[in-house]
Asks: 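A single structure is presented below for examination.
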Amino acid sequence: MAKLITKEQIAEQQRFIMKLREENARRAQEIGHAPLALTETYGCQQNENDTERIRGMLRDAGFEFTDDANKADVVIYNTCAVRENAEQKVFGRLGILKHIKEKRRDMIIGVCGCMVQQEHITEKIKKVHDHVDLVFGTHALYKMPSLLYKAMTEKKTVVDIAASDGAIAEELPIMRSDANKAWVSVMYGCNNFCSYCIVPYVRGRERSREPKTIIAEVKELVKSGCSEISLLGQNVNSYGKDLETDIDFADLMRAVNDIDGVRRIRFMTSHPKDLSDKLINTIAQCGKVCKQLHLPFQAGSDKVLRQMNRGYTKAEYLEKIEKVKKAVPNISLSTDVIVGFPTETNEDFEDTLDVLRKAEFDNIFSFIYSRREGTPAAKLDFVLTEEEIHRNFNRLLDTQNEISLKKNTEYVGRVEEILVDGVSKNDENMLSGRCDSSKIVNFKGDKSLIGKYINVRITEAHTWSLNGEIV
Ligand code: SAH
Ligand code: SF4
Ligand code: F3S
């Protein structure tokens with residue numbers, strides 16, 4: 001069973017939140033307003049969910065929030081390590097902050113999350129970015145109040161990247177980014193060690209939260225008016241394996257499905273090797289579970305899959321997809337694909353395209369392989385040149401765009417229930433929301449509809465979104 005951060009440890013952090021509050025009240029007198037905090041998130045939904053906890057702690061500590069780094073008293077970057085460009089972005093931002101801090105010496109700069117859980121990165125920050133005051137890894141998130149207090153009052157660099165296997169911290173404050181939709185982490189960490197991936201090293205081993213705690217969190221969310229729940233984990237299909245209670249992810253999903261007030265349930269991510277018939281049937285049978293599945297296949301060639309340590313073949317993956325389509329007609333499918341794994345040849349890549357054509361995903365998340373220090377794949381030599389890899393990547397996008405448009409066109413004429421998110425990103429005269437299968441639908445409507453479920457007839461299909469009109 002996963003270890004919990006003790007009530008005493010949480011209470012100690014609460015005391016630091018109160019101390020920060022006093023300090024901030026004093027500063028507010030001086031500067032005429034509450035001190036301001038800025039947070040930025042660079043990673044996945046779990047990372048976003050962690051930022052919501054960070055913001056909850058900052059809010060309770062008396063900070064207000066800003067998007068302007070020039071005004072912020074505290075800046076916290078919650079980082080990602082999964083690809084090099086995510087890391088480069090953070091280093092770039094830190095460079096900009098250096099100039100801002102030259103004019104505002106009291107500013108506190110904090111970097112947390114997956115990227116700094118790697119020692120070589122923390123060393124680089126210390127050497128090259130000595131204007132950073134606070135560094136804390138994924139396992140030290142709950143300690144942010146005491147670490148921040150130390151950084152603010154003692155004016156010295158504080159680092160906590162202890163590589164414990166992260167006991168679970170329950171009952172941390174939280175400030176959610178959306179009133180109607182919420183992320184609920186059901187487990188942390190990963191045991192799969194895909195050969196290209198840094199996540200198991202920076203997030204530690206799989207730890208499941210107790211079902212009763214998850215259910216209590218969902219009930220609280222419903223009470224506050226939230227109706228769409230996304231259950232999160234690096235591999236939700238392993239949920240419960242480490243618990244004493246006899247429960248798996250399908251059972252947990254049913255329990256959430258039974259909660260009054262929940263209208264939509266989403267979940268991610270599922271690992272193909274662990275996608276059970278029981279889970280497929282549960283998706284089909286539970287009325288509130290959205291008919292949508294994200295099932296990363298990463299590569300089509302059996303050789304590459306083996307070297308990636310994925311635990312399935314191309315044929316086994318496609319078999320699972322067929323099973324899912326049969327059990328849940330019209331299910332919307334998405335996936336992750338990596339192009340340019342070191343040993344991937346042009347011929348191997350044809351297998352990746354073949355999976356796209358056969359599975360017909362509604363959309364894909366595609367990445368060029370990025371070498372991650374400390375992972376087994378980092379030792380492999382590349383077969384293809386960068387140019388060849390980019391060419392394959394573009395072929396992948398072209399192939400998928402055609403399929404996405406075709407899949408979206410099938411929606412034209414259908415009436416879909418939409419949860420209205422807000423004003424459309426592309427056109428301020430339009431509203432935007434998501435249908436059950438998570439496709440973005442843009443339509444004309446009054447802003448009072450934001451946060452409501454409405455029916456929309458789909459009138460037009462694009463590659464990335466749909467247009468519709470209220471019925
Ligand atoms: N646990 C999830 C998500 C992991 S990270 C899963 O297994 O599906 C999200 C995606 O990033 C992965 O699915 C993979 O496609 C991609 N990714 C991970 N490591 C990568 C690397 N070194 N280079 C490029 N893409 C990577
Ligand atoms: Fe990384 Fe594989 Fe774990 Fe996903 S399942 S987080 S890709 S090691
Ligand atoms: Fe997520 Fe990136 Fe960490 S994908 S788990 S934030 S390495």
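First listed ligand is number 1; within each ligand, the first listed atom is number 1.
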Asks: Less than 3.5 Å between some nitrogen or oxygen of S370 and one of ligand 1, yes or no?
Replies: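 Yes, S370 has an N/O under 3.5 Å of an N/O on ligand 1.
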Asks: Identify the closest protein heavy atom to atom 7 (S) of ligand 3: which residue and atom is it, and at what distance?
Replies: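 Here the closest protein heavy atom is A81 N, 3.2 Å.
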Asks: Go through ligand 1 atom by atom and flag the ones less than 4.0 Å from a non-hydrogen atom of Q234.
Replies: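 It comes down to these atoms of ligand 1: 1 (N), 2 (C), 3 (C), 4 (C).
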Asks: Could you check atom 17 (N) of ligand 1 against the protein and tell me its nearest heavy-atom contact, residue, atom and distance included?
Replies: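 Its nearest protein heavy-atom neighbour is R83 NH1, 3.5 Å.
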Asks: Assess Q234 for proximity to ligand 3: is some non-hydrogen atom of it under 4.0 Å away?
Replies: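 Distance cut 4.0 Å: Q234 passes for ligand 3.
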Asks: Among all protein heavy atoms, pick out the one at the shortest distance from atom 1 (Fe) of ligand 2; state its residue, atom name and that distance to 0.1 Å.
Replies: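 Residue, atom and distance for the closest contact: C197 SG, 2.3 Å.
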Asks: Heavy-atom contact check, 4.0 Å cutoff: does H271 meet ligand 1?
Replies: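 Under 4.0 Å: no for H271.
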Asks: Out of all atoms in ligand 3, which are within 4.0 Å of some heavy atom of G43? Include the element for each.
Replies: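 Near G43, the atoms of ligand 3 are 6 (S).
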Asks: Considering heavy atoms of the protein only, find what lies nearest to atom 7 (S) of ligand 2 and give residue, atom and distance to 0.1 Å.
Replies: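 The protein heavy atom lying closest is Y196 OH, 3.4 Å.
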Asks: May I ask you to list the atoms of ligand 2 that are less than 4.0 angstrom from any heavy atom of C190?
Replies: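 In order of number, 3 (Fe), 5 (S), 6 (S), 8 (S).
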Asks: Can you pull out the closest protein heavy atom to atom 8 (S) of ligand 2? Residue, atom name and distance to 0.1 Å, please.
Replies: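 Going by distance alone, atom 8 (S) of ligand 2 is nearest to C194 N, 3.3 Å.
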Asks: At a 4.0 Å cut-off, with the gap strictly under it, does some heavy atom of V199 reach an atom of ligand 1?
Replies: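 Judged by the 4.0 Å heavy-atom criterion, V199 does not count as contacting ligand 1.
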Asks: Is it true that Q46 lies under 4.0 Å from ligand 3, counting heavy atoms only?
Replies: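 Distance cut 4.0 Å: Q46 fails for ligand 3.
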Asks: Is it the side chain (CB and beyond), the backbone, both or neither of M115 that lies under 4.0 Å from ligand 3, heavy atoms counted?
Replies: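 Neither part.
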Asks: Can you list the ligand 2 atoms lying under 4.0 Å from a non-hydrogen atom of Q234?
Replies: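 Listed by number with element: 6 (S).
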Asks: Does NZ or CZ of K278 come closer than 6.0 Å to the centre of the six-membered ring of F249, within 45° of the ring's axis?
Replies: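 The answer is no; the distance or angle limit is not met.
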Asks: Under 3.5 Å, side chain of S301 to main-chain N/O of K303, donor-acceptor pair present?
Replies: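 Confirmed, S301 side chain pairs with K303 backbone.
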Asks: Would you mind listing which atoms of ligand 1 come within a distance below 4.0 Å of any non-hydrogen atom of P296?
Replies: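 What qualifies from ligand 1 is 8 (O).
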Asks: If the contact criterion is a heavy-atom separation under 4.0 Å, does N192 count as touching ligand 1?
Replies: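 Outside the 4.0 Å threshold, so no.
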Asks: Is ligand 1 under 4.0 Å from a heavy atom in the side chain of F367, in the backbone, in both, or in neither?
Replies: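 Side chain only.
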Asks: Below 4.0 angstrom from a heavy atom of F193, which ligand 2 atoms are there? Numbered from 1 as shown, please.
Replies: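 Counting from 1, the qualifying ligand atoms are 8 (S).
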Asks: Tell me which protein heavy atom sits closest to atom 5 (S) of ligand 2, plus the residue, atom name and distance to 0.1 Å.
Replies: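 Answer for atom 5 (S) of ligand 2: N192 ND2, 3.3 Å.
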Asks: So, C44 and atom 1 (Fe) of ligand 3: N/O/S under 2.8 Å, yes or no?
Replies: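 True for C44.
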Asks: Quick check: Y77 with Y42 (ring centres under 6.0 Å apart)?
Replies: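 Yes.
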Asks: Would you confirm whether the ring centroid of F393 sits within less than 6.0 angstrom of the ring centroid of F367?
Replies: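 Judged by ring-centre distance (under 6.0 Å), F367 and F393 do not meet the cut-off.
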Asks: Under 4.0 Å from a heavy atom of N47: which atoms of ligand 3 are those, numbered in the order shown and with their elements?
Replies: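 Reading through ligand 3 atom by atom, the close ones are 6 (S).
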Asks: Does the N or O separation between Y369 and ligand 1 drop below 3.5 Å for any pair?
Replies: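 Among all N and O atoms of Y369, none is under 3.5 Å from an N or O of ligand 1.
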Asks: List the closest protein heavy-atom neighbour of atom 3 (Fe) of ligand 3: residue, atom name, distance to the nearest 0.1 Å.
Replies: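 Answer, as residue, atom name and distance: C114 SG, 2.2 Å.
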Asks: When you measure from atom 2 (Fe) of ligand 3 to every protein heavy atom, which one gives the shortest distance, and what is it?
Replies: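 Heavy-atom neighbour on the protein nearest atom 2 (Fe) of ligand 3: C80 SG, 2.3 Å.
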Asks: Short list, please: which atoms of ligand 1 are under 4.0 Å from a heavy atom of T269?
Replies: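 By the 4.0 Å cutoff, the relevant atoms are 2 (C), 6 (C), 8 (O).
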Asks: Check each heavy atom of P200 against ligand 2 and say whether those closer than 4.0 Å belong to the side chain, the backbone, both or neither.
Replies: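 Contact part for P200 vs ligand 2: side chain (C-beta onward).
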Asks: Could you walk me through whether D178 and R176 pass the side-chain contact (heavy atoms from CB on, under 4.5 Å) check?
Replies: CA-CA 6 Å; D178 195 303; R176 299 202 183 256; over 6 Å; no
Asks: Could you tell me whether F297 and Y312 have their ring centroids closer than 6.0 angstrom?
Replies: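 No, ring centres 6.0 Å or more apart.
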Asks: Applying a 4.0 Å heavy-atom criterion (strictly less than), which segment of I198 is in contact with ligand 1: side chain, backbone, both, or neither?
Replies: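 None of I198 does.
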Asks: Does NZ or CZ of R395 lie under 6.0 Å from the centre of the six-membered ring of F349, at an angle within 45° of the ring axis?
Replies: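 The answer is no, since R395 fails at least one limit relative to F349.
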Asks: Looking at the rings of H294 and F267, which for Trp means the six-membered one, are their centres under 6.0 Å apart?
Replies: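 Centroid separation for H294 and F267: 6.0 Å or greater.
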Asks: Given Q118, which of E123, R372, E87 fulfils the side chain to side chain donor-acceptor pair (under 3.5 Å) condition?
Replies: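 Single side chain to side chain donor-acceptor pair (under 3.5 Å) partner of Q118 among E123, R372, E87: E87.
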Asks: Between D248 and K241, is there a salt bridge with N-O shorter than 4.0 Å?
Replies: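 Looking at K241 and D248, the cut-off is not met.
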Asks: Within less than 4.0 angstrom of ligand 2, does R310 place any heavy atom?
Replies: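 R310: in contact with ligand 2 (<4.0 Å).
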Asks: So is V82 touching ligand 1 or not, going by heavy atoms under 4.0 Å?
Replies: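 Flag set, V82 near ligand 1.
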Asks: Q298 versus ligand 1: do any nitrogen or oxygen atoms come within less than 3.5 Å of each other?
Replies: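 Indeed, backbone or side chain, Q298 has an N or O that close.
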Asks: Relative to the heavy atoms of R372, which atoms of ligand 1 are at a distance of less than 4.0 Å?
Replies: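 So the answer, numbered in order with elements, is 22 (N).
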